[in-house]
Amino acid sequence: MKLRVLIVDDSRDALHLLDRLMAHHDCEIRTCQDSVNAVQTVQEFIPHVIFLDIAMPGLDGFEVAEDLHDLNLPNYLLVALTSHSDEPHRKECEASGFELFLSKPVSIEDVGHVIQLAKKRFLATI
């Protein structure tokens, strides 16, 4: 079984970039451009890793993270994607349940680090 990765971002360009960066890893990938449908996609796909944009129309990433927490899903790695890299923003992400924080634009090294961490964490269960 492959590591399941969900990418949630309202920007088609950002989704495409992350999807391309993920091509180097043996993962099952889904994307979601609509923050309102993100929770439903998570319930259907049950990802191991969720890359979640913070600044989105409709529900922002913090609200989506809160909704995900309320679902009591199996263990997953929640990764914040944001163009704001200041310390208060990082702390808000941490307080909202994000385990990792990636500044945009995301690099291939950033993605590789997240995937390797997730594979170590979930390899025994997949």
Counting N and O atoms only, with roles assigned by atom type, does the side chain of [X] sit under 3.5 Å from a partner on the main chain of [Y], one being a donor and the other an acceptor?
X: Glu63; Y: Asp60; result: yes
X: Asp19; Y: His16; result: no
X: Ser96; Y: Ala65; result: no
X: Arg4; Y: Ile46; result: yes

Do [X] and [Y] come within less than 4.5 Å of each other through their side chains, counting heavy atoms only?
X: Leu81; Y: Leu18; value: yes
X: Asn75; Y: Phe122; value: yes
X: Cys27; Y: Lys2; value: no
X: Cys32; Y: Leu6; value: yes
X: Leu68; Y: Tyr76; value: yes
X: Val8; Y: Gln33; value: no
X: His89; Y: Thr82; value: yes
X: Leu77; Y: Leu100; value: yes

Same cluster or not: [X] versus [Y], using hydrophobic residues (I, L, V, M, F, W, Y) connected whenever any side-chain heavy atoms lie under 4.5 Å apart?
X: Leu52; Y: Ile29; result: no
X: Val111; Y: Leu15; result: yes
X: Val106; Y: Met56; result: no
X: Val49; Y: Ile108; result: yes

Nearest atoms (heavy-atom pairs only) where Val36 meets Asp34: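 For Val36 and Asp34, the tightest heavy-atom pair comes out as N-OD1, 3.0 Å.
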Heavy-atom closest contact (Cys93 atom, Ile54 atom, distance):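 Taking Cys93 first and Ile54 second, the nearest heavy atoms are SG-CD1, 4.0 Å.
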Those residues that, when tested against His24, pass ring-ring contact (aromatic ring centres under 6.0 Å, His included) (two or more places apart):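 Not a single residue meets the ring-ring contact (aromatic ring centres under 6.0 Å, His included) criterion with His24.
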Gln43 atom CD, over 12 foreign heavy atoms within 6.0 Å: yes
Neighbour count above 12 (heavy atom, 6.0 Å) for Glu66 CD: no
OG1 on Thr31 to CZ on Arg12, rounded to 0.5 Å: 9.5 Å
Salt bridge (Lys or Arg N to Asp or Glu O under 4.0 Å) contacts touching residues 97-107 (sequence neighbours left out):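 Listed by first then second residue: Asp9-Lys104, Asp53-Lys104, Glu99-Arg121.
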